[in-house]
Colleague: 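Quick one: structure below, then a few questions.
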2 protein chains.
Amino acid sequence: MPSSTSNNVRLVEVGPRDGLQNEEQPITVADKIRLIDDLGHAGVRWIEAGSFVSPKWVPQMAGSDQVFAGIQRLPGVSYSALTPNMQGFEAALAAGVREVAVFAAATEGFSQRNLNCSISQSLQRFAPLLEAAKARGIAVRGYISCVLGCPCDGEVAPQQVTALARELLDMGCYEVSLGDTIGVGTPGSTSRLFEHALQQLPADSLAGHFHDTWGQALANIHASLQLGIRSFDSAVAGLGGCPYAKGATGNVASEDLVYMLNGMGLHSGIDLPALIAAGQRICELLGRPNQSRVARAWLAGNH
Amino acid sequence: MPSSTSNNVRLVEVGPRDGLQNEEQPITVADKIRLIDDLGHAGVRWIEAGSFVSPKWVPQMAGSDQVFAGIQRLPGVSYSALTPNMQGFEAALAAGVREVAVFAAATEGFSQRNLNCSISQSLQRFAPLLEAAKARGIAVRGYISCVLGCPCDGEVAPQQVTALARELLDMGCYEVSLGDTIGVGTPGSTSRLFEHALQQLPADSLAGHFHDTWGQALANIHASLQLGIRSFDSAVAGLGGCPYAKGATGNVASEDLVYMLNGMGLHSGIDLPALIAAGQRICELLGRPNQSRVARAWLAGNH
C-alpha cells in the first residue's frame, strides 16, 4: 500500500460488490462482468468483484462464481471477493479468487443485526479462513463497519475500532478498511478516529470507507489524507447504500474522489473519462440516476 | 469576523439572493419574506436578502424593496443586498439596507460576460459607491467570482485573485468573498489560492464561496478552515446555481456545512433542525428537490 507521504493513493472499487448488493434493480451476470471489465480498462487496479455468501441472504450476489469465470483478468489488477466464512472462502478459491475480504462490525448491535453473531464470534469464524488463506498465499483484507456511528448502538468510541482493527491485523489481514456505514461522520470524528488508530497502527495498514448519506464523504477523505491515509474504498456512480440503515445513500462516488485526488496532485492511476463512462453505463442498465456529481457535470458537457 | 484560530465560523446565507436568483421557478415577495424570516429564526446572523439590480437583467430579484420592507428585522442579524452600482445603492438605502455587497470577476472574460465591462471598469463603477457607503456608515462586502476557474478564460492564477481582493479591501470592503462560481475547484486549488492570498491579506478579511457542481464544496471548505478561513457563503437547501455556467448546480447547502462544522466542534450559532425546516419549506414552494444531503437524511428520519 502507498506510504503515508506518498503521492499515490489506492482506490478499492467496491461498486460491483458493496454497490450492486444494495441496489434494488436486479442485474445480470453479463452486466456485472461488463462493469468489472470497464473498470479494469479505466485503470482501476483493485476491484471487489463479488461476494461468496448465501444467495438466500444477498440475492444480488448470486453468480459470483460465473462473474469470476467471465471477467478479463487484466495484468496488475486484483479482483477480490467478500467471503464471510470457510464455505465462502472455499467457493471463492474454486472460482480462482486470489484476494478475499472479511467483514466485522464495530458494535455488538450491528454485529448481531448484520452478521447474526457477536463481534468475538465473528472473529472466531474468520480465524480458520485467515489460517487457510495464509497457507495458500491468499491476501485477506478486513472491513469494520459502523466505525463512526451505528444505527443500533449510536456513538462509537475510537478505542473500540482501533482494538478491533488491531485484532484483524494480528490475525493476518494486510489492511483494515474502516467503514462509516451510515455516513454520519464528519472531518471531526474521522480525524479523531484515525488519530487514535495511528497511535497504535501504521497508516499503510488502514483504509477509509465513507458513505455520502450526510454529504461528508469527500471532506472526510480529505481529513484522512492529511493524516497520511492513502487507501480508500469508493463505488463508481455512487452505487449502493446499506439496506440496514434507513435512507442511507451509496458509497462515495469514485469519480468524485478521483477528481479531488487529481486536483490535489495525488495519483490513482485511473482514467477519469473512462471511469465516468463505466459509471454511466451501469446507471443506464440499472435505470437509476448517476449519483456522481463529477459524472453529472462532465456528462452535461461542463468541462 | 472570527479570527483564524477561533472556534466561531461566520455563515453568510446567500440562498435568498444568489440562490433564488438562479432558480427557474418564480417566487413571490411573500415567500421570499417567509424564507428570510425562517432563516433569521433559525439563528442565521448574516442573510443576503436581495439585490438592487435592474429587473430587466435579473427578474427574480424584482421587489427587493418590498422584501426589505416586509421582513422582521431580528436583533443581531444583518440583512444585506447586492448593489451593482450607485443607482442600486441609493435604492437599497431607501429600502433601509445597512449592508451591501459589490461584485467583481477574477477574469476579463467573465467580467465582460456577466458585468458587461472590464475588471477595472467594474472597480471604477464601485468607487463612488464605496465612498458613499463610507460616508454613511454602510458596510460593504466584496465578491470575486470565478476564482478557481472561468467558463470563458479557463484556469485562473491565484496572483490575479489576490491582487483584485486587495484592491477591493483597499477601496473599503470589510471582507472579500472568493467565489468558485463554476464549482471546479478542489482542496488542491483552494489551498493554493488561500495560501497565496494569506501571504498578503489577513485571514479575517477573506471568505470562501463554493458551488457543489463537481461535488468538492465541503472538502474545499475543510481545506479553507485548516488555513484559518472562518467565513463562508452557503445557501439553504443548496439553492441556486449560475445561469452563465452550463449545468452548474447550486451553492454548497447550508445544512451540510452546519452539520460538518458541528461535527468539528466549530460554532455557527445556527439551529440545524430549524434550518432544515426552512430549506424544506422553500423547496416545497418552488417544487424542486432539496439538494442538501443532510436535509434529505434528516427528513428520511435517519437521525
Side-chain angles (χ1 to χ4, degrees), chain A residues 148-149 151 154 182-192 210-226 238 241-242 245-250 252-253 255-266 272 289 291-303, chain B residues 148-149 151 154 182-192 210-226 238 241-242 245-250 252-253 255-266 272 289 291-303:
Chain A
L148 297 177
I182 57 172
V184 293
T186 65
S189 55
T190 300
S191 296
R192 279 192 297 278
F210 296 100
H211 285 237
D212 209 28
T213 319
W214 294 76
Q216 310 291 308
L218 274 192
N220 293 344
I221 292 175
H222 185 249
S224 309
L225 282 167
Q226 296 195 303
C242 174
K246 188 170 69 157
T249 56
V252 64
E255 300 91 323
D256 299 11
L257 176 51
V258 169
Y259 182 88
M260 182 175 88
L261 295 173
N262 288 350
M264 296 176 71
L266 298 170
L272 184 55
Q291 295 297 325
S292 160
R293 295 199 177 206
V294 163
R296 292 203 300 255
W298 183 280
L299 295 167
N302 205 16
H303 60 94
Chain B
L148 298 177
I182 56 171
V184 294
T186 64
S189 55
T190 300
S191 298
R192 280 192 296 278
F210 296 100
H211 285 237
D212 209 26
T213 319
W214 294 77
Q216 310 291 308
L218 274 192
N220 293 344
I221 292 175
H222 184 250
S224 309
L225 283 167
Q226 296 196 301
C242 174
K246 187 169 69 155
T249 57
V252 65
E255 300 91 322
D256 299 9
L257 176 51
V258 169
Y259 182 89
M260 183 176 86
L261 295 173
N262 289 349
M264 295 176 70
L266 298 170
L272 184 56
Q291 294 297 323
S292 160
R293 295 198 178 207
V294 163
R296 292 203 301 254
W298 183 280
L299 294 167
N302 206 14
H303 60 94

Colleague: Among A:Glu255, A:Met264, A:Met260, A:Arg293, which residue forms the greatest number of heavy-atom pairs with chain B at distances under 4.5 Å?
Modeller: A:Arg293
Colleague: Between A:Tyr259 (side chain only) and B:Val184 (backbone N and O only), is there a donor and an acceptor less than 3.5 Å apart?
Modeller: yes
Colleague: Heavy-atom distances under 4.5 Å only: say whether B:Ala253 touches chain A with side chain, backbone, both or neither.
Modeller: neither
Colleague: What part of B:Asp212 is in contact with chain A, defined as an atom under 4.5 angstrom from a non-hydrogen atom: side chain, backbone, both or neither?
Modeller: both
Colleague: Looking only at heavy atoms, what is the nearest atom pair of B:Leu218 and A:Gly215, with distance?
Modeller: CD1-O, 3.3 Å
Colleague: Could you state the interatomic distance from NE2 (B:His222) to CD1 (A:Ile221), rounded to the nearest 0.5 Å?
Modeller: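 Rounded to the nearest 0.5 Å, the NE2-CD1 separation comes out at 12.5 Å.
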Colleague: Which value, rounded to the nearest 0.5 Å, describes the distance between A:Asp256 atom CG and B:Gln216 atom CD?
Modeller: 6.5 Å
Colleague: On a heavy-atom basis, which atom in B:Arg192 and which in A:Gly263 lie closest, and how many Å separate them?
Modeller: NH2-O, 3.9 Å
